[in-house]
2 protein chains.
Amino acid sequence: MSSRSLKIQRPQSLATLVTERIREAIVSGEFTLGEKISEESLAETFDVSRSPVRDALNALQFTGLVEIRPKRGSFVFNPTILDIGQLCEYREMLEREACTLAMRGSREALLEALKALFDEMASAHKNGDTRRYAALDTAFHKAFFEHCSNALVQDAYLLVEARLATIRTVLTAAKKERREASYDEHGEIIDALKKNDMARFEKVLKTHIHRTQAVAVERLSEPDSGGVYQKPDR
Amino acid sequence: MSSRSLKIQRPQSLATLVTERIREAIVSGEFTLGEKISEESLAETFDVSRSPVRDALNALQFTGLVEIRPKRGSFVFNPTILDIGQLCEYREMLEREACTLAMRGSREALLEALKALFDEMASAHKNGDTRRYAALDTAFHKAFFEHCSNALVQDAYLLVEARLATIRTVLTAAKKERREASYDEHGEIIDALKKNDMARFEKVLKTHIHRTQAVAVERLSEPDSGGVYQKPDR
DNA sequence: GACATGGAGATTCCATACAAGTAAAACGAG
DNA sequence: CTCGTTTTACTTGTATGGAATCTCCATGTC
């Protein structure tokens, strides 16, 4: 008996489906940063009424993917350089803590998961599949949270995960030299954790995140590259 | 010329007002833990339609105050002992980090704010005003986040703040012996921070939060005390 | 030309009606 | 009485229309 497709899929609500669809569109770069996305146009595109779209936009606002300006409209988030700095500061803090928890609670499972993802990254890296590499990068860092056994820490990461993934896809994934360094650092992270060398882990993590930040900021500073929709933020 | 009331207050949306009202009702104990709160009944009480109530419940779900079970109804959160453990673990981690950031960025402002709140706590403590003491306790810990200069860390705290405040009001505020110890610990925290002794700060914080946890858990274990609405959780 | 005024268009916000799903009571067979 | 089925009440999920309000542009005044 095949193990998959046994779990029945409950009929999801339209609002949930629409939420996922919009999230994916933003993360994949289908919508550009700062773009206006009105309830009505989305409802038309998905051929549903405005109600579930409204619910979806409200939900996405909490993950920071969408900014709703009352009575004015909804917009894809459009991070400033300052925003990216805060995202990275927050991310560094949270990943450090989540990993510490995970190493305490389920060290083996974590290491195994990281190793598996790292192997996949190797192949994506070799084949130059930037999209896939970005997705695996996202999964790698998410693994800390999946094994940290505290649902709230996971929620705290959900708060920024989608934004980070978007930045990866839209701003930093295309940079080849970053991918090179990034790949090595992931290896170093695993190595440090294997040896229980948390000090080194923290150091590598910091370096790793700072590089991401630098690349994103640099990319943001060249206004007419990468389909970034520049417009006054308010 | 009086300095206040110059800033115009934008008319808030009904959804926002309703959200605040429900939040307050839960935090203050007006609704009991686990109580069912349907869209329709709330709409009736506030004399609005279901739309803004629906938006409000969705928003409150993100702060964990409300659990929405699809097609079944909405319920005030009802933490298990395990939930409280996770809340406290999360809280300890986040307060530690926020305070570290605040001490780096705006040490003086933080200390001043803490001192002011501590003085107020002294009077509330002396007068046996448990409600007020609980509110000041909430404000004291929130101060770390107001001065940490990272909006995301603040958001991460919003994720649990209301739940913690509710637990304080409903489960732990009434315990006199806890208030005694709690008061002293707040003083110790200020003292440690004044001396830049972060190791001691972390230790006191840990003790402080663990005591809160113990009291809440104890209270939760005596089922028929404190208006806790016991019912099967699913 | 600078600035105020007015109105058209676009968009959300809220109310309401209906559809669909869930839980629990009522019922009936054994 | 027990078990399984049907029915009923209740609650949320979705669609849709209209009110409110914001933006932007055109027009007019000085």
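Sequence lines set the chain letters: A, B, ... in the order given, protein chains first and strands last, and positions in each chain run from 1. In this text the structure is predicted, and so the values were computed from the model without any measurement.
Atom pair A:Glu39:CD and D:dG17:C1' shows a separation of 14 Å (rounding to whole Å applied). Remark: C1' of D:dT12 and NZ of B:Lys71 are 5 Å apart, rounded to the nearest angstrom. Residue B:Glu40 contributes atom CD, which lies 15 Å from atom P of D:dA9 at whole-angstrom precision. The CD1-P distance, from B:Ile68 to D:dG13, rounds to 7 Å in whole Å. With rounding to whole Å, B:Lys36 atom NZ is found 7 Å from D:dT12 atom P. Whole-Å rounding puts the B:Leu17 CG to C:dC14 P distance at 9 Å. At whole-Å resolution of the value, CZ in B:Phe75 and P in C:dA23 are 9 Å apart. For the pair A:Leu14 CG and C:dA19 P, the computed distance is 16 Å after rounding to whole Å.
Side-chain N/O atoms of B:Arg131 and B:Ser28 include no donor and acceptor closer than 3.5 Å.
Taking the six-membered ring for Trp and thresholds of 30 and 60 degrees, B:His208 and B:His141 have nearly parallel ring planes, at less than 30 degrees apart.
A heavy-atom distance below 4.0 Å to DNA chain D is reached by these residues of residues 48-61 of chain B, ordered by number: B:Arg50, B:Arg54.
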Determine whether A:Phe77 and A:Leu33 satisfy the following criterion, side chain to side chain contact (heavy atoms under 4.5 Å, CB included), listing intermediate values before the conclusion. CA-CA 6 Å; A:Phe77 84 114; A:Leu33 301 182; 3.9 Å; yes
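Looking at heavy atoms from C-beta onward, A:Thr212 lies out of side-chain contact with A:Leu164 at the 4.5 angstrom threshold.
Every pair passing salt bridge (Lys or Arg N to Asp or Glu O under 4.0 Å) that includes a residue from residues 156-165 of chain B is listed here, sequence neighbours excluded: B:Lys142-B:Glu161.
Formation of a donor-acceptor pair under 3.5 Å by the B:Thr169 side chain with backbone atoms of B:Gly29 is not found in this model.
Checking A:Pro70 against A:Thr16, the closest nucleotide of DNA chain D that is more toward the 5' end is the one next to A:Thr16.
Residue B:Arg72 has a polar side-chain atom (N or O) positioned under 4.0 Å from OP1 or OP2 of C:dA23.
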